[in-house]
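Each chain gets a letter, A, B and so on, in the order the sequences are listed, and its residues count up from 1.
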Amino acid sequence: MLDEEQKKELISKYYVEKKVSEREISLPPLPKAEKGKVVMRFAPNPNGPPTLGSARGIVINGEYCNTYDGKYILRFDDTDPKTKRPMLEAYEWYIEDVEWLGYKPDEVIYASKRIPIYYDYAKKLIEIGKAYACFCKREEFKNYRDNGIPCPHRDTEVEDNLEVWEKMLEGRYSEGEVVLRIKTEMSHRDPAVRDWVAFRLIYTPHPLVGDSYFLYPTLDFESAIEDRLCKTTHILRGKDLRDSELRQRYIYEYFNWEYPVTIHWGRVNIVEFGKLSTSLIKREIEAGKFEGWDDPRLPTVRALRRRGIEAEAIRKFFIALGLSESEVNVSMKNLFAENRKIVDAKANRFFFVANPVEIEIEGLPEEKLVEIPKNQNTKEKRILKGEKVVYITKEDFEKFKGEVVRLKDFCNLILDKKAKFLGFELTGAKKGKNIIHWLPKSSALRCKVIGERSCEGLVEKGVEEDLGKVVQFERFAFCKIEKANGEIVAILTHD
RNA sequence: GCUCCGGUGGUGUAGCCCGGUCAAACAUCCAGGCCUUUCGAGCCUGUGCCCCGGGUUCAAAUCCCGGCCGGAGCACCA
């Protein structure tokens, strides 16, 4: 008897604990992480501005750094001036967006400015016989690799390799003629890791360091060395770099270094954008399909900011996604839902009438000033003049023509171009969803909404005071007021 | 083809390591209801899930084997 009761007691206790822990959505503990000793990095190639995809890396690494009082490094892996050419402006954009998202990098590193450091390590590897110069053509090498056969250059003497290396540094070879490879095992079960390329010649000037260098490390090499130099303790990145770890571990083994803890998350596919890569966006901007990198229809961080998405929403969105290794299809609706929670509480309400239709209220006994709630936090009100000639949306006009509708907070009428006034009282008009928004003719500003759902119409006077803020256009959507000199320009944030 | 990873309601996540109050939780979406703080908002209600087949076990979402499906890597890209 007593046992049973004790059991029940324990169970109820257990339940409570479970619910509490589930209520707060947070990241799982980081393996082997010690408070104050964590060093993490976010390492993009700035070949465009940060996108929603980059934001995941920024947020996850940043969040862990915050919880463990860690060091947060922003490192530009910009070692290919040709194929993945960095964009000069994008360096600044990354710093800006990382900060906007709420993280302050403790250090910013530019790989392209530290190339000689990588040369030193390359030389050491050659000296211990773990790297060699390879003159194979790509196809030739691929053939050797796929069949697990060492290429003819693999067993070149150290001295000869060093000599070639010196000549590479002097630029005595042409692009594609020779590369430096890291020795792994030609019989490695995964062909992807077999004797990978660590350095190659690229004579295209670099956007940041010009023609200071022409012998560039590959990402795998640069990143391996940098993570060691920065004392990185945890590497958190996308699954696409999974093999990178396998390759880099060889270097760590040769130098007898300890490899950081790594976690790889799965690919994120935003259903609304599909396969919108940075390079594709670039092409479409050039083709005039988008205005620029901050076009509100784009999934770049700057575009989201411009359209009124808050950093907090982006943070919560990615924290909720977590570290799952499965590839996911998420909708922007999830991000919008987070944003809505934040913005809904503070956004001022206004009437925006899209595609206005002018109607005249026949039999209106008097003009009337009506008070309408403006803000749920401050309990502020706005005042509209209920007058004879008003605007309503074309959509409502067509839907309710001939029927009884109520102009919100104003009056009831039978809707038509010449509408028949019925009364001011709310009662008697409340049949289903026939309460619509409206605007007095005497005080309506022209307003253009741009973004996903662009349209033109009229808006209440008073919105101009909310320049730069997100407001809610009632029965329409949340919008950010971008311009307010003359015609109002609002960007659609989300529903 | 080779290598690796994954598969929990429509979508995403938690649970899986250490089998048992898990006829499975949270969020979003969808449907319906309420509301002149409107709505595509908010509040309330509802539909809906452990990929399949075997095995181990008193007991499997959880462990094992096989299959199926999805993804990533296999670049002198990052």
Side-chain angles (χ1 to χ4, degrees), chain A residues 7-8 10-12 14-15 18-19 21-25 28 43-47 77-80 82-86 134 136-138 141-142 145-146 148 175-181 188-194 196-202 216 218-220 222-223 238-244 246-247 264 266-269 271 278-279 316-317 319-331 333-338 340-341 343-345 347 349 351 370 372-376 379 381 406-410 426 429-430 433 435-437 472-478 494-495:
Chain A
K7 205 174 166 185
K8 275 184 187 169
L10 284 172
I11 285 165
S12 63
Y14 174 68
Y15 263 139
K18 199 173 178 182
K19 275 184 183 164
S21 69
E22 275 175 358
R23 201 152 289 170
E24 228 169 281
I25 297 160
N45 174 27
N47 61 341
D77 283 349
D78 56 348
T79 57
D80 183 351
K82 199 176 170 184
T83 317
K84 284 273 172 86
R85 177 160 246 267
C134 175
C136 290
K137 297 267 163 276
R138 289 178 204 230
F141 188 83
K142 184 176 168 14
R145 189 200 62 200
D146 289 349
E175 232 172 272
E177 195 179 348
V178 59
V179 294
L180 188 77
R181 290 187 184 278
H188 190 106
R189 52 200 318 236
D190 187 351
V193 317
R194 294 175 191 164
W196 51 277
V197 172
F199 283 87
R200 75 288 208 213
L201 291 157
I202 303 171
Y216 287 95
T218 55
L219 169 84
D220 285 331
E222 173 267 322
S223 178
K239 226 178 166 185
D240 49 326
L241 262 4
R242 194 95 218 288
D243 287 349
S244 204
L246 258 31
R247 288 190 280 257
H264 293 99
R267 200 181 63 120
V268 183
N269 183 42
V271 297
T278 302
S279 46
K316 284 190 169 161
F317 175 73
I319 290 169
L321 258 195
L323 265 29
S324 154
E325 278 188 60
S326 48
E327 49 285 334
V328 297
N329 291 299
V330 281
S331 166
K333 285 180 179 177
N334 293 279
L335 212 208
F336 295 158
E338 293 294 352
R340 196 177 292 126
K341 282 177 204 157
V343 139
D344 183 48
R349 316 282 136 143
F351 283 160
V370 295
I372 311 179
K374 180 177 178 183
N375 190 295
Q376 36 182 219
K379 304 288 176 205
K381 307 269 188 196
R406 176 167 180 83
L407 302 182
K408 187 171 180 285
D409 293 295
F410 177 28
L426 171 62
K430 261 176 74 179
K433 291 181 177 182
I435 297 171
I436 64 173
H437 62 291
Q472 190 192 57
F473 287 165
E474 295 189 37
R475 296 217 306 144
F476 183 75
F478 286 97
H494 49 65
D495 288 334

Kindly give the atom pairs (protein nitrogen or oxygen, nucleotide nitrogen or oxygen) under 3.5 Å for nucleotides 7-12 of chain B.
unit_1	atom_1	unit_2	atom_2	d
B:rU11	O3'	A:Asn329	O	3.0
B:rU11	O2'	A:Asn329	O	2.8
B:rG12	OP1	A:Asn329	N	3.1

Going 5' to 3' along nucleotides 42-51 of chain B, which nucleotides have protein heavy atoms under 4.0 Å from the base (write B), which only from the sugar-phosphate (write S), and which from neither (write -)?
S---------

Going 5' to 3' through nucleotides 73-78 of chain B, assign each nucleotide B (protein heavy atom under 4.0 Å from a base atom), S (under 4.0 Å only from sugar-phosphate atoms) or - (no protein heavy atom that close).
BSSBBB

Could you let me know what B:rC26 is paired to, Watson-Crick or G-U wobble, both distances under 3.5 Å, or none if it's on its own?
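By the stated definition (distances under 3.5 Å), B:rG12 pairs with B:rC26.
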
Sequence neighbours excluded, the answer for ring-ring contact (aromatic ring centres under 6.0 Å, His included) partners of A:Phe473 is A:Phe352

Under the side-chain contact (heavy atoms from CB on, under 4.5 Å) test, residues paired with [X] that sit two or more places apart:
{"X": "A:Ala477", "answer": "A:Arg453, A:Leu492, A:Asp495"}
{"X": "A:Lys137", "answer": "A:Glu140"}
{"X": "A:Ser324", "answer": "A:Ser326"}
{"X": "A:Glu338", "answer": "A:Ala313, A:Lys316, A:Lys341"}

Check side-chain hydrogen bond (donor to acceptor under 3.5 Å, both in side chains) between A:Asp220 and all other residues, then give those that pass, not counting sequence neighbours.
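Checked A:Asp220 against side-chain hydrogen bond (donor to acceptor under 3.5 Å, both in side chains); matches are A:Ser244, A:Arg247.
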
For [X], enumerate each residue passing the salt bridge (Lys or Arg N to Asp or Glu O under 4.0 Å) test, keeping only those at least two apart in sequence or located in another chain.
{"X": "A:Lys142", "result": "A:Asp146"}
{"X": "A:Arg242", "result": "none"}
{"X": "A:Asp190", "result": "none"}

So what does A:Ala337 hit on the nucleic acid, given a heavy-atom distance under 4.0 Å: a base, only sugar-phosphate, or nothing?
sugar-phosphate

